[in-house]
Amino acid sequence: MPEPSAADRILAAVRAIPRGQVAGYGEIARRAGLPGRARLAARVLSGNADPALPWHRVLRADGRIAFPEGSAGFREQSRRLRSEGVEVRNGRVRRARAAFDLDAEVWGVR
DNA sequence: CGGCTGACTCTAG
DNA sequence: GCTAGAGCCAGCC
């Protein structure tokens, strides 16, 4: 069978985010072997239909939720994050990158 | 082919 | 911490 499509690799990268942790769109794209394709990662998520996909663990580079504040998606994402112990303040997650990079070293990823 | 759009990112001020 | 502007990429009309 052919090698996985870009979208498949992005989805795999999203599924690899441990529970209770978060990653940025650019980070996901990079891990999928698509550096600089953050927008593609966002696009893939917008069209995903997999209920098991932890899409709520993906944030913007500055640790903010990518949805407009107050929107349905925004509330849903912050609710899911908090339910797994992630601290969400005013649409922003503390230590989005730091926490992830820390574990990245542990996993041997990079 | 041209133009618009978006769950993006980076740099400046 | 905030807003603006520019750069970027893929999909759609």
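Every chain is numbered from 1 and lettered A, B, ... according to where its sequence line falls, protein lines coming before strand lines.
- Taking the P atom of each, C:dG7 and B:dA7 are spaced 22 Å apart, rounded to whole Å.
- Separating the CD atom of A:E27 from the P atom of B:dC8 is a distance of 16 Å, rounded to the nearest angstrom.
- Nucleotide C:dG11: paired with B:dC4 (Watson-Crick or G-U wobble, both distances less than 3.5 Å).
- Annotation for A:R31 and A:A16: closest pair NH2-CB, 3.6 Å, computed over non-hydrogen atoms.
- The distance from atom CZ of A:F67 to atom C1' of B:dC8 is 13 Å, rounded to the nearest whole Å.
- Taking each heavy atom of A:I28 and A:A23 in turn, the nearest pair found is CD1-CB, 3.9 Å.
- Across A:A6 and A:L34, no two heavy atoms sit closer than the pair CB-CD1, 3.7 Å.
- When rounded to the nearest whole Å, the span between CD1 of A:I10 and P of B:dA7 equals 15 Å.
- With A:R57 as reference, A:E84 is the one residue of A:R80, A:E84, A:Q21 to meet the side chain to side chain contact (heavy atoms under 4.5 Å, CB included) rule.
- What separates CZ of A:R31 from P of B:dC8 is a distance of 19 Å, to the nearest Å.
- The listed nucleotides are B:dC8, B:dC10, C:dC2; the one nearest the side chain of A:A61 is B:dC10.
- A:G73 comes within 4.0 angstrom of nothing in the nucleic acid, heavy atoms only.
- Whole-Å rounding puts the A:R60 CZ to C:dT3 C1' distance at 12 Å.
- Residues A:R37 and A:P35 share a closest heavy-atom pair of NH1-O, 3.0 Å.
- Counting to the nearest Å, the P atom of B:dA7 and the CZ atom of A:R80 are 17 Å from each other.
- Taking a 6.0 Å sphere around CG of A:D50, one finds it holds more than 12 heavy atoms contributed by other residues, nucleotides or ligands.
- Atoms CD1 (A:I65) and P (B:dC8) sit 12 Å apart, rounded to a whole Å.
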With the criterion being N/O to N/O and under 3.5 Å, what pairs connect the protein with nucleotides 7-11 of chain C, and how long is each?
unit_1: C:dC8; atom_1: O2; unit_2: A:R39; atom_2: NH1; d: 3.2
unit_1: C:dC8; atom_1: N3; unit_2: A:R39; atom_2: NH1; d: 3.2
unit_1: C:dG11; atom_1: O3'; unit_2: A:R43; atom_2: NH2; d: 3.2

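- Straight-line distance from the CG atom of A:L11 to the P atom of B:dA7: 17 Å, rounded to whole Å.
- The only member of A:Q77, A:R92, A:E27 that meets side chain to side chain contact (heavy atoms under 4.5 Å, CB included) when paired with A:L59 is A:Q77.
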